[in-house]
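Please read the structure below before turning to the comments.
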Amino acid sequence: MFPDTRLGIGPAIEDGFYYDFDTSHGFTPEDLEKIEQEMKRIVKENLPVTRDIVSKDEARKIFEERKALFKLELLDELPSEEPISIYRQGEFIDLCAGPHVPYTGYVKAYKLLSIAGAYWRGDEKRPMLQRIYGTAFMDQGGLDAHLAKLEDIKRRDHRRLGKDLDLFSIEEEGGPGLVYWHPKGAIIREIIENFWKEEHRKRGYDLVYTPHIAKLGLWKVSGHWDWYKDNMYSPMEIDEMQYLLKPMNCPFHILIYKGKTRSYRDLPIRYGELGTVYRYERSGVLHGMLRVRGFTQDDAHLFCRPDQLEQQLIEVLDLTGFMLKTFGYDEYYCMLSVRDPNDKANYIGEDEVWQQAEEALERALKARNLKYQIDVGEAKFYGPAIDIKIKDAVGRLWQGPTIQADLNLPERFDIHYIGEDGQRHRPVMIHRTVLGTMERFIGGLIEHYAGAFPMWLSPVQIRVMPVSEKQSDYAKTVAAGFEELGLRVECDLGQDKIGYKIRQAQIEKIPYMVIVGAREKEANTISVRHEVWEILAV
RNA sequence: GCCAGCGUAGCUCAGUCGGCAGAGCAACUGAUUUGUAAUCAGUAGGUCGUCGGUUCGAAUCCGUCCGCUGGCUCCA
């Protein structure tokens, strides 16, 4: 259909497949339909799909003939002794390890979904190809169910719901990636923040507040200026001194720690802060509340003795589990992010310290019987981490809590405590968030709950609606009663019929509707309509 | 940042070949006083994202910038 097209790679992915193409033709959504028609024809032909094993030289010849540059590059990287597998169906030839279906007729239900740009081999310095995404199932029912799920995900989109429920906005005049929390969104955030603070106090954290800017020198000491500069807002000059907006809270907590001499008896010291940070994120990556430029981390830094590390990690894991459960995330997966031993130049710190830290994280996971997967190369430059992925109501995984051992900053800031032996010792530092950031967490919660927040988080918990204006005063009295109990209640005193008021409350996903008419007023009662929304939609 | 697409009323969207700017919902006004998912009628609301170009004439064609969307790369 597009003769000058060269093939990139085309693997199967979790929910389908994609194929990358280099072509002078720019694909349009209409093309997808045309390609699907062509696919249908090929399926109907029921062509045999054959696998040939050839030598590397033979393979090279085949792809050179077809001027398949990308395939040749892939071929070059395959070991020369090993036989190469090539698949053919009709006039189509591809380099692929397989397996493939034996006949094109095996392909049943499929759909092409979208077009996107993608760098060749994921490298932004290489050419950009056009990627077509699609999905395929054994039968129409499977495809229909999958498409229904995609629709459900669309309905849950926090950007859509954030607008519909008036929770937040991002203002073009204000700047991209900067979130405005509207009154209802602010209530949700406030409840979560209060809960967070209370839970941290209970567990022995000290809560602090720190500034939003600091002198450039501080960021040089911390290493951010060298390692993180590209993600930071440009310096501003105040009284001939350069200041930077903070991208992280760690240096500030360290300064508090450093403010006086600490004894081994003082440890652990745990500073928690809902710290607002700003990071320069490239414009193309911004996404609603999930990827923004200014955000508030539920941050904490734990300073402890090496012998306390494991216990502290366990306590953080417990807190994390408790928090996730509270928000209805019953399933989560722990990843132990360790460094790539072949790539030590990208990490700071002694081998021995790294090993100790990785072992401590692993022991903590084992102590709580948490299953985990080791993610090689996913450590931060300053230390290994436990990264937790949480599964939402529709089965998607989100980056959640992160617990990082920091092997760099204690050194750089030369912090210490006085041990039992009267000597200075280096404390171990843990850097962690349990929710991540307020923006990403609440954005995720909106999708998790599909906007129907549980009672404790609902911006409006109860709406009282009189059947007619004759019960307005009674409705106000009832509402005042709820208000006295500390519940968030509203009255709908509009002239609309009760059906309309119920519909409105339903759209706004208010959990309790209290309806009062002549009968209720007479008997001094109320009638309650409680909406239980199904979180698991699919 | 890169590739592609998009930007029309508060929201969702229509607007044919370049020829007077449209609908539904929401808002407002009036009537209606209602019993568990939409009462009726009327009114108002837009520099068609921005700046520039082509043209007798631009929402429409071309360019620029801004923003958004789907991805890529990166990330909490």
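Residue numbering restarts at 1 for every chain, and letters A, B, ... go by the order of the sequence lines.
A distance of about 44 Å separates the P atoms of B/G52 and B/G30, rounded to the whole Å. Taking the C1' atom of each, B/U43 and B/C2 are spaced 49 Å apart, rounded to whole Å. As rounded to the nearest Å, B/C66 and B/U50 have P atoms that lie 15 Å from one another. Between the C1' atoms of B/A58 and B/G70, the separation comes to 30 Å (whole Å). Nucleotides B/A14 and B/G7 are separated by 8 Å at their P atoms, to the nearest Å. A gap of 16 Å separates the P atoms of B/G10 and B/A26, to the nearest Å. The C1' atoms of B/U55 and B/G45 are separated by 31 Å, rounded to the nearest whole Å.
Atom OH of residue A/Tyr382 and atom CG of residue A/Asp406 lie 6.0 Å apart, to the nearest 0.5 angstrom.
The neighbour count for A/Glu522 CD, taken as heavy atoms of other residues, nucleotides or ligands under 6.0 Å away, does not exceed 12.
At a threshold of 4.0 angstrom between heavy atoms, the contacts of A/Arg160 are confined to the sugar-phosphate backbone, with no base atom among them. At the heavy-atom level, A/Val277 lies nowhere under 4.0 Å from the strands shown. Counting non-hydrogen atoms under 4.0 angstrom, A/Lys501 reaches nothing in the nucleic acid. Here A/Gly499 lies in heavy-atom contact (under 4.0 Å) with sugar-phosphate atoms only. Within the 4.0 angstrom heavy-atom criterion, base atoms lie near A/Thr437. Heavy atoms of A/Ile502 sit under 4.0 angstrom from at least one base atom. Note on A/Ser527: a base of the nucleic acid sits closer than 4.0 angstrom, heavy atoms only.
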Output a table of nitrogen or oxygen pairs between the protein and nucleotides 26-28 of chain B separated by less than 3.5 Å.
from  : atom 1 : to       : atom 2 : distance (Å)
B/A26 : OP1    : A/Tyr500 : OH     : 2.8

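For A/Glu469 against B/U33, a side-chain-to-base donor-acceptor contact under 3.5 Å is present. With hydrogens and angles ignored, a donor-acceptor pair closer than 3.5 Å exists between the side chain of A/Glu520 and the base of B/G35. In terms of polar N and O atoms assigned as donor or acceptor, the side chain of A/Arg291 comes within less than 3.5 Å of the base of B/C74 in a complementary pairing. Counting atom types as modelled, A/Arg503 pairs no side-chain N or O with a base atom of B/U36 as donor and acceptor under 3.5 Å. With hydrogens and angles ignored, a donor-acceptor pair closer than 3.5 Å exists between the side chain of A/Tyr119 and the base of B/G1.
Residue A/Tyr280 places at least one side-chain N or O closer than 4.0 Å to OP1 or OP2 of B/G1.
With no hydrogens or angles considered, a side-chain donor-acceptor pair links A/Asn249 and A/Lys246 at under 3.5 Å. Side-chain contact, A/Asp392 with A/Trp398: a donor N or O sits under 3.5 Å from an acceptor N or O.
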Exercise. When you check every protein heavy atom under 4.0 Å of nucleotides 63-70 of chain B, what one-letter string (B, S, -) results, 5' to 3'?
Worked result: ---BSSSB

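Considering only residues two or more places apart in sequence or on other chains, A/Asp492 meets the side chain to side chain contact (heavy atoms under 4.5 Å, CB included) condition with A/Arg463, A/Met465, A/Lys501. With sequence neighbours excluded, the residues that form a salt bridge (Lys or Arg N to Asp or Glu O under 4.0 Å) with A/Arg270 are A/Glu315. For the salt bridge (Lys or Arg N to Asp or Glu O under 4.0 Å) test, residues two or more places apart in sequence or in another chain that qualify with A/Arg282 are A/Glu124. With sequence neighbours excluded, no residue forms a ring pair (Phe, Tyr, Trp, His ring centres under 6.0 Å) with A/Phe295. Every residue two or more places apart in sequence or in another chain that forms a side chain to side chain contact (heavy atoms under 4.5 Å, CB included) with A/Val464 is listed here: A/Ile462, A/Ala475, A/Val478, A/Ala479, A/Phe482, A/Val489, A/Cys491, A/Val514, A/Val516. Partners of A/Glu199 under the salt bridge (Lys or Arg N to Asp or Glu O under 4.0 Å) rule, at least two apart in sequence or in another chain, are A/Lys202, A/Arg203.
Listed candidates were B/U36, B/U12, B/C3. Nearest to the side chain of A/Lys163 is B/U12.
Residue pairs that meet the salt bridge (Lys or Arg N to Asp or Glu O under 4.0 Å) test with at least one member in residues 1-15 of chain A, sequence neighbours left out, are A/Arg6-A/Asp22. Sorted by first and then second residue, the pairs that involve residues 287-301 of chain A and meet salt bridge (Lys or Arg N to Asp or Glu O under 4.0 Å), not counting sequence neighbours, are A/Glu281-A/Arg291. Screening residues 176-187 of chain A for side chain to side chain donor-acceptor pair (under 3.5 Å), with sequence neighbours left out, gives A/Asp166-A/His182, A/Ser169-A/His182.
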Exercise. How is the base pairing of RNA chain B summarised as a dot-bracket string, given the Watson-Crick and G-U wobble criteria with both distances under 3.5 Å, [ ] for crossing and | for another strand?
Worked result: (((((((..((((.....[..)))).(((((.......))))).....(.(((..]....))).))))))))....

